[in-house]
Peer 1: 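The following block contains the structure, expressed as structure tokens.
Lettering of chains follows the sequences in order, A, B, ..., and the numbering in each one begins at 1.
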Number of protein chains: 2
Amino acid sequence: MARPKTATLATAVQAAADQPLDQSLLLSLVGYNCRRAYLTIMPHFEERMSKLALRAVDFSVLSILKANPNITQKRLSHAVSVSAPNLAILLDKLEQRGLVLRQRNPLDKRSQTLVLTSEGLKLCAKAETTVANLEQHATAMLTENERQKLLQLLQKIFVEGN
Amino acid sequence: MARPKTATLATAVQAAADQPLDQSLLLSLVGYNCRRAYLTIMPHFEERMSKLALRAVDFSVLSILKANPNITQKRLSHAVSVSAPNLAILLDKLEQRGLVLRQRNPLDKRSQTLVLTSEGLKLCAKAETTVANLEQHATAMLTENERQKLLQLLQKIFVEGN
DNA sequence: TATTGTTATACTCTATAACTATA
DNA sequence: TATAGTTATAGAGTATAACAATA
């Protein structure tokens, strides 16, 4: 009664090939969708920022230091979610490029405080302009209201989800 | 007229330490917020799925194969954004665990088609239940309407942003 | 003793090049 | 000649352990 197995498989394979892919379960998960959106935006980011030789995490560091001069590495480490050992290396490179200055904290000589150099400030300002343009481009399919709503909902997750 | 530099620095450092951290620029960027939300959800995911010995990408593969039996590795590779070499290794492991079956495609013997074994199906069903619970927990701060809106906006980005 | 930051190192993830088998 | 999949390997990113200096 049963047809040969290969014939059965061939039929099933043909049927599968003819179907559009069903990803409905994954598409119902916020985490999955966050990742997909992130992975869509990042190549645009990387392409534009490569001209300034900045990765996303480098930009985060510069931007936070611009808005918060003289914070400690400890605090920066927490803000950008980079472990202390990895941040040390990252800061070595920014310091070698003359963008950041590490200073021993006079109030607690265990820690170091961070400021942008004037060159770091200039590069950060340029990067922030680039990022603002990129943001418009990457979210061009959203109205400004939708973009604000999206930011608000995402922030609910990581502010209240901790 | 100028005070000693260390005193100036001490004052600035103290002021910085007293301020709440200003992250306003980063918080205005969709990509950054996607990443933060993703990084908030993932530890919950990993903790619960570790009991089933599944990483996020393993779950994605099982879930897609459950909904799309007999698709080729090529198609799966594209769906989960894992390169062919890395997918081969990933599938080796799932096959060794008896969760997935690779079959030479009778319609084109270059390719292989994939199905879950009965054990793979069982584990995937269990994982999908776990994930559904996790989703409720991870997004408990959102109303169901907000959660749906969030999914819709994120999907706009990666559907229309390509 | 505890904390900040550093060094060294290991582990995971992702990317690339070269190969086999099939079309 | 092109494609599907594999193997081997390299690189980036992240995590951990041990240490020095300071509190």
Peer 1: Expressed as a whole number of angstroms, how long is the span from R102(A):CZ to dT4(C):C1'?
Peer 2: 12 Å

Peer 1: Looking only at side chains, do T130(B) and N133(B) share a donor and an acceptor under 3.5 Å apart?
Peer 2: no

Peer 1: Show your reasoning for whether salt bridge (charged side-chain N to carboxylate O under 4.0 Å, His left out) applies to R55(B) and E46(B).
Peer 2: CA-CA 7 Å; R55(B) 300 167 303 162; E46(B) 282 159 10; over 6 Å; no

Peer 1: Should D92(B) and R97(B) count as an ion pair when the cut-off is N to O under 4.0 Å?
Peer 2: no

Peer 1: Rounded to the nearest angstrom, tell me the gap between atom NZ in K74(B) and atom P in dA23(C).
Peer 2: 17 Å

Peer 1: At 4.0 Å (heavy atoms only), tell me whether R75(A) reaches a base, stays on the sugar-phosphate, or touches nothing.
Peer 2: nothing

Peer 1: Using the test salt bridge (Lys or Arg N to Asp or Glu O under 4.0 Å), find all partners of E119(A) that sit at least two apart in sequence or belong to another chain.
Peer 2: none

Peer 1: By nearest heavy atom, map T113(A) and R35(A) onto DNA chain C; which one lands nearer the 5' end?
Peer 2: T113(A)

Peer 1: Can you tell me how far P of dT4(C) sits from CG of L91(A), to the nearest Å?
Peer 2: 16 Å

Peer 1: Would you kindly give the CG-to-P distance between L90(A) and dG13(D), to the nearest whole Å?
Peer 2: 10 Å

Peer 1: With sugar-phosphate meaning primed atoms plus P, OP1 and OP2, does R55(B) contact a base, only sugar-phosphate, or nothing at under 4.0 Å between heavy atoms?
Peer 2: sugar-phosphate

Peer 1: Using atom CG of L54(A) as one end and atom C1' of dA12(D) as the other, report the distance to the nearest whole Å.
Peer 2: 17 Å

Peer 1: To the nearest Å, give me how far apart CG (L87(B)) and C1' (dA15(C)) are.
Peer 2: 15 Å

Peer 1: So, R104(B) side chain and R110(B) main chain: donor-acceptor pair closer than 3.5 Å or not?
Peer 2: yes

Peer 1: Across nucleotides 15-23 of chain D, 5' to 3', mark each nucleotide with B, S or - according to how protein heavy atoms within less than 4.0 Å reach it.
Peer 2: BBB----BS

Peer 1: Tell me, with the steps shown, if Q155(B) and N33(A) meet side chain to side chain donor-acceptor pair (under 3.5 Å).
Peer 2: CA-CA 7 Å; Q155(B) 283 166 23; N33(A) 286 271; 2.9 Å; yes

Peer 1: Say you draw a straight line from CG of L116(B) to CG of L65(B); how long is it, rounded to the nearest 0.5 Å?
Peer 2: 5.0 Å

Peer 1: Between P on dA4(D) and CD on Q112(B), what's the gap in Å once rounded to a whole number?
Peer 2: 13 Å

Peer 1: CG of L39(B) versus P of dC13(C): gap in Å, rounded?
Peer 2: 14 Å

